Structure formats: C-alpha cells, structure tokens
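Predicted model only: the values in this text are computed from it and were never measured.
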Amino acid sequence: MPAFEYAPAPESRDLANLKPSYRPFIDGEFVDGGGEPLKTVNPATEEVLAEVSTASAADIDTAVKAARKAFEKTWGPMPGSERAKYLFRIARLIQERSRELAVLETLDNGKPIKESRDSDLPLVAAHFFYHAGWADKLDYAGYGPDPKPLGVAGQIIPWNFPLLMLAWKIAPALATGNTVVLKPAETTPLTALVFGEICQQAGLPPGVVNILPGAGDVGARLVEHPGIDKIAFTGSTEVGKLIQRQVAGTPKRLTLELGGKAANVVFDDAPLDQAVEGIVNGIFFNQGHVCCAGSRLLSQESVAEELLDKLRHRISTLRLGDPLDKNTDVGAINSAEQLTRIRELADSGEAEGAQRWTSPCPVPDRGFFFAPTVFSGVHQSMRIAREEIFGPVLSVLTFRTPDEAIAKANNTPYGLSAGIWSEKGSRILWTANRLRAGVVWANTFNRFDPAAPFGGYQESGFDREGGRTGLEGYLSV
C-alpha cells in the first residue's frame, strides 16, 4: 500500500513577532548588555534570526543586586496568596501568547512546530499553574511549621527545551518566595527574553526575574557570584561536574539535572506495536535532544527480529524537514557543533562493527539535519552504547533473561530514566525496583507532569524538579 502523501502545511513565521535585536532583562527593564553581542541562528536554514546583546560582569552584579533587593523588600515578604496571583497571571499570558512562543521556539531551536505547540507550551503553562497553587500552602506541605525561601537563585538552562526548562526552574523558585537570575543557552535565548515581556505584562515587581543571555562565561560568573544562594543547572555532565567543584565548600545549594543514556527494555510479552510507538517517541522526539531519551533499546531475543522490522518500517514513515511544517516529525539539529558530534559518534558505531540502518527520508540540502538512524548488533563496550549522543540515533542490544536485562540497563554511569514494556504488572514492578534510574516509565515514554518529580542518580545529577519534592530545593527547612 503506497504511503499517504501530505501537502505542505507551514505555520507562518510572522506569528513569532521576531525582532532584529534582543537585550538582557534586568530589574524589570530591557537594557543594553555590556558583553559581546551574539547572533542566534535558525538551525533549519542557517540564517541569522536576530542579534542578542549579552551580559557583562557588571550586568551580572546589577542583576544579582536587583534580585536581592526584590527578595528582601518585595517578593520574600509577600504573602504566598499574593505571589500566586502573579504566577497565575504569567500562566494565562503564556497561554494567550502560546502560538507566538511556539513559532519563535521552533525558529530558534529547530524542533517541529507540532512539538513546541502541542507539547512544550501547554506544559510550560501547566508548570506555572501548578506552582501557583503551592504558593500559599507551603506551611502545610510537610516541610515543618515555617519553611523559608533561600534567597536569590541562579539558574542555567540548556538549548533543547528553552522555554520549558525556564518554567521548570522559575515557577518553583517564585512560588517558594525566591528571586531569580536566569541564563538561557547561547544558541536559544529568544523565548527566554520574550518571557521578560510576559513578566512586565503580569506586573511582576522589578528584580524578581532577571534574564541574562550570553555564552558559558556568563554562566560561570553566575555560579561563582557571592550574592547567589542557590544554583540550578540543567545541561551536560561535564559542565555539571565543574559547577559542583565551584560550589563545593560554599553555602550555596545546588540542583543538577545532567546527561542520560536511558534503557528502553522490551520483554517478549510486550505489545509490540505500542512499544514501537514508545520507542520512536523515546528517541526521535525533539531530534533526540532529550536528556532522558531512550537511546538504548534492550529487546528480549525472542522478539528482537520482529521488533526491529516493525521499528524500521515505522521510522521510515517519519517526515524530516522544515520544522515550521505541521507535518514534520523530525526537525533540525540545534547547531553545527551538535551535528558534528552526532556524526562522529555514529561513524564510531560503524567503525566498531555495529550494523547501521538510516531512514531513507530525504534530507534538506541546507540546515543542520540528521536522518533517524538505528544501530543493531551493538555491544556494551561500543561508544554508541556508552556515550550520550543527544541526537536521533538508537542503539539496539538484546537480552535473554530479566536478570541480564537489568545488568545491561544498569551498565552505565548515568541514571536519569528508563522504560519498561510488558503486559505483566508484576514483571514491570520487579524490573522498576531494580533499575537505577530517577524516572521509570511503564508502557509509555517521555510523559511529564508538573506534579511528578524528575531527576537522576550518579552522573545524571541529583535533587529533583517538579512536584512537592521539587519545591524543597528552593526552601530552607
């Protein structure tokens, strides 16, 4: 049966209200940054989207002082019921501007518009709604009679989910009475800076939220700044280790959410068609730019061949191309540097003897694209089974017994997430209790809820974000 052909259905880029230049947001105003300006690029076309003024050391000092003043004079003493009103306003404004934000996110990041529109933006608003509900209930949350905010939180977010990671960080910090100085990723600063406009629209007091675009030097200065009481970082394990060393010996609190190499374990009694959809979502959602991506498929030997055939067929139907097209399933890799790393690791898989299969989908001549790729015959010693690729590359391993599945799944320095596919509830619980991962999904993958804590073990970081547990990271209890 021939594949159904889709007509192009592009979303209008005009909805993004793209400006030629953007500036840091400090003390309630957009100001000229003293750092070296950067240009943010559309990864699907390699065109420059806008020039972004970045923060200097003096700007960081100004932002931290503004956040401290707001914490001591305004936001910290404010009753939780009043803080909640601001968070509710922000959530509603995000909903009202969601189409604009989704298009801007897709332009700046490269992810398909249907993901930014249908997944990211609803979850961004949900985080602010959820945490608004906690703002006046902290005394009854089980933290003791009088939990207190920490003060000024320095937050550093990655490029894979720019606005969603902002919400994960800012919403709990504000709900618990802290103020924020946030640094967005160098390649994806635009939606974070538009969030500054939303703060103004919501009437948020000056200094409560400050947003400082820039490169890694801005983040490093923020981490070491003596006026910061808490650091929350999401990003690579290598940078997380550097931050931990810098913070060691200081009174600063620290939350790290780092890399992952998640195992997606498929048992012989699993519903294979359902598992195939979960596997595809687990590794090809957001081009594999997901810390908790299911980048290792562990299939029981008796169903491995059938599963792989179904998987290849399903992947061959994925549409790669213009991220603004509503029919696109796999968008652009975020940067040339990340594309180079993905290619290098994929080439190492072939060199080490794994069998490479690449989707026959057409790849655009311009932009940073990488076709969905599956490696079979993978051994645990191979780099593609050990290192985080952070791209649309799946490594397939097999196992015979449940004990072997556990041993292979846990054979990693990471511990962020895992998936289990089985029709037996007892087998799912047995497996989940033995997997060393912060989040374990059963018969699904990449499902998130603001009320559910998220975080990892080992080299995937520590502490949790989301839910009641995530609030504790911003409280002195």
**Request:** May I ask you to test the Phe129-Leu87 pair for a side-chain heavy-atom distance under 4.5 Å?
**Result:** no

**Pairs touching residues 447-473 that satisfy salt bridge (Lys or Arg N to Asp or Glu O under 4.0 Å), sequence neighbours left out** = Lys169-Glu465, Lys241-Glu459

**Minimum side-chain heavy-atom gap Leu18-Leu49 below 4.5 Å** = yes

**Request:** Flag the pair Lys408 and Glu404 as a salt bridge only when some basic side-chain nitrogen lies within less than 4.0 angstrom of an acidic carboxylate oxygen.
**Result:** yes

**Request:** State whether Asp139 and Lys137 are salt-bridged, where the test is any N-O pair (Lys NZ or Arg NE/NH1/NH2 against Asp/Glu carboxylate O) under 4.0 Å.
**Result:** no

**Polar side chain donor-acceptor pair, Thr62 to Asp59, under 3.5 angstrom** = no

**Message:** With a 4.0 Å cut-off on N to O distance, would you call Asp217 and Arg221 a salt bridge?
**Reply:** yes

**Item:** Any Thr54 side-chain heavy atom under 4.5 Å of Pro37 side chain
**Value:** no

**Request:** Return each pair, listed once, that meets salt bridge (Lys or Arg N to Asp or Glu O under 4.0 Å) where at least one residue sits in residues 186-206; pairs must be two or more places apart or across chains.
**Result:** Lys19-Glu197, Arg97-Glu197

**Asked** Are the side chains of His289 and Asn334 in touch, meaning some heavy atoms are under 4.5 Å apart?
**Response** yes

**Request:** Using a strict 4.0 Å threshold on nitrogen-to-oxygen distance, state whether Arg383 and Glu344 make a salt bridge.
**Result:** yes

**Request:** Kindly give the heavy-atom pair with the smallest separation between Asn264 and Gly419, and that separation in Å.
**Result:** OD1-CA, 3.5 Å

**Asked** With a 4.0 Å cut-off, would you call Lys261 and Glu388 a salt bridge?
**Response** no

**Asked** Strictly by modelled atom types, are Lys148 and Thr176 linked by a side-chain donor-acceptor pair under 3.5 Å?
**Response** no

**Prompt:** Is the Phe445 ring parallel, tilted or perpendicular to the Trp441 ring (thresholds 30°, 60°)?
**Reply:** tilted

**Asked** Strictly by modelled atom types, are Ser335 and Thr187 linked by a side-chain donor-acceptor pair under 3.5 Å?
**Response** no

**Message:** Under the criterion ring pair (Phe, Tyr, Trp, His ring centres under 6.0 Å), I'd like the reasoning laid out for Tyr457 against Phe462: C-alpha separation, chi angles, the key distance, then a yes or no.
**Reply:** CA-CA 6 Å; Tyr457 297 101; Phe462 50 79; over 10 Å; no

**Item:** Residues forming a side chain to side chain donor-acceptor pair (under 3.5 Å) with Gln246, sequence neighbours excluded
**Value:** none

**Request:** Report, as yes or no, whether the 6.0 Å neighbourhood of atom CZ on Arg92 holds more than 12 heavy atoms from other residues, nucleotides or ligands.
**Result:** no

**Message:** I want to check a possible cation-pi pair here: Arg343 against Phe370, using under 6.0 Å from ring centre and within 45° of the ring axis as the test.
**Reply:** no

**Request:** Write out all pairs satisfying ring-ring contact (aromatic ring centres under 6.0 Å, His included) with one or both partners inside residues 180-219, taking only residues at least two apart or from two chains.
**Result:** Phe128-Phe195

**Request:** In plain terms, say whether Asp120 and Lys111 are close enough for a salt bridge, that is, a side-chain N and a carboxylate O under 4.0 Å apart.
**Result:** yes

**Item:** Pairs involving residues 68-79, ordered by first then second residue, that meet side chain to side chain donor-acceptor pair (under 3.5 Å) (sequence neighbours left out)
**Value:** Arg68-Asp229

**Ile389/Ser295 under side chain to side chain contact (heavy atoms under 4.5 Å, CB included): CA gap, chis, key distance, verdict** = CA-CA 8 Å; Ile389 300 175; Ser295 54; over 6 Å; no

**Request:** For Lys114, check side-chain contact (heavy atoms from CB on, under 4.5 Å) against everything at least two apart and list the hits.
**Result:** Pro112, Arg117, Asp118, Asp329

**Asked** Are Asp32 and Ser53 linked by a side-chain donor-acceptor pair shorter than 3.5 Å?
**Response** no

**Asked** Would you say the side chain of Val180 lies within less than 4.5 Å of the side chain of Val208, judging by non-hydrogen atoms?
**Response** no

**Asked** Do the ring planes of Phe25 and Phe30 sit parallel (below 30°), tilted (30 to 60°) or perpendicular (above 60°)?
**Response** tilted

**Message:** Between Leu174 and Asn178, is there a side-chain heavy-atom distance shorter than 4.5 Å?
**Reply:** no

**Asked** Below 4.5 Å, heavy atoms only, C-beta onward: do Tyr474 and Lys230 meet side chain to side chain?
**Response** yes

**Item:** Stacked cation flag Arg89 on Tyr86, 6.0 angstrom / 45 deg
**Value:** yes

**Item:** Note, Val209 side chain near Ile170 side chain (heavy atom, < 4.5 Å)
**Value:** yes

**Message:** I want to know whether Phe267 and Phe399 have ring centres closer than 6.0 Å.
**Reply:** yes

**Message:** Which label fits Trp159 and Phe390: parallel for a plane angle under 30°, tilted from 30 to 60°, or perpendicular past 60°?
**Reply:** perpendicular

**Asked** Could you go step by step and tell me if Trp168 and Phe454 meet the ring pair (Phe, Tyr, Trp, His ring centres under 6.0 Å) rule?
**Response** CA-CA 10 Å; Trp168 278 30; Phe454 182 88; 5.3 Å; yes

**Message:** I'd like to know whether Glu387 forms a salt bridge (Lys or Arg N to Asp or Glu O under 4.0 Å) with Arg341, so could you lay out the CA-CA distance, the side-chain angles of the two residues, the decisive distance to 0.1 Å, and finally the verdict.
**Reply:** CA-CA 11 Å; Glu387 298 183 30; Arg341 173 169 173 77; 3.7 Å; yes

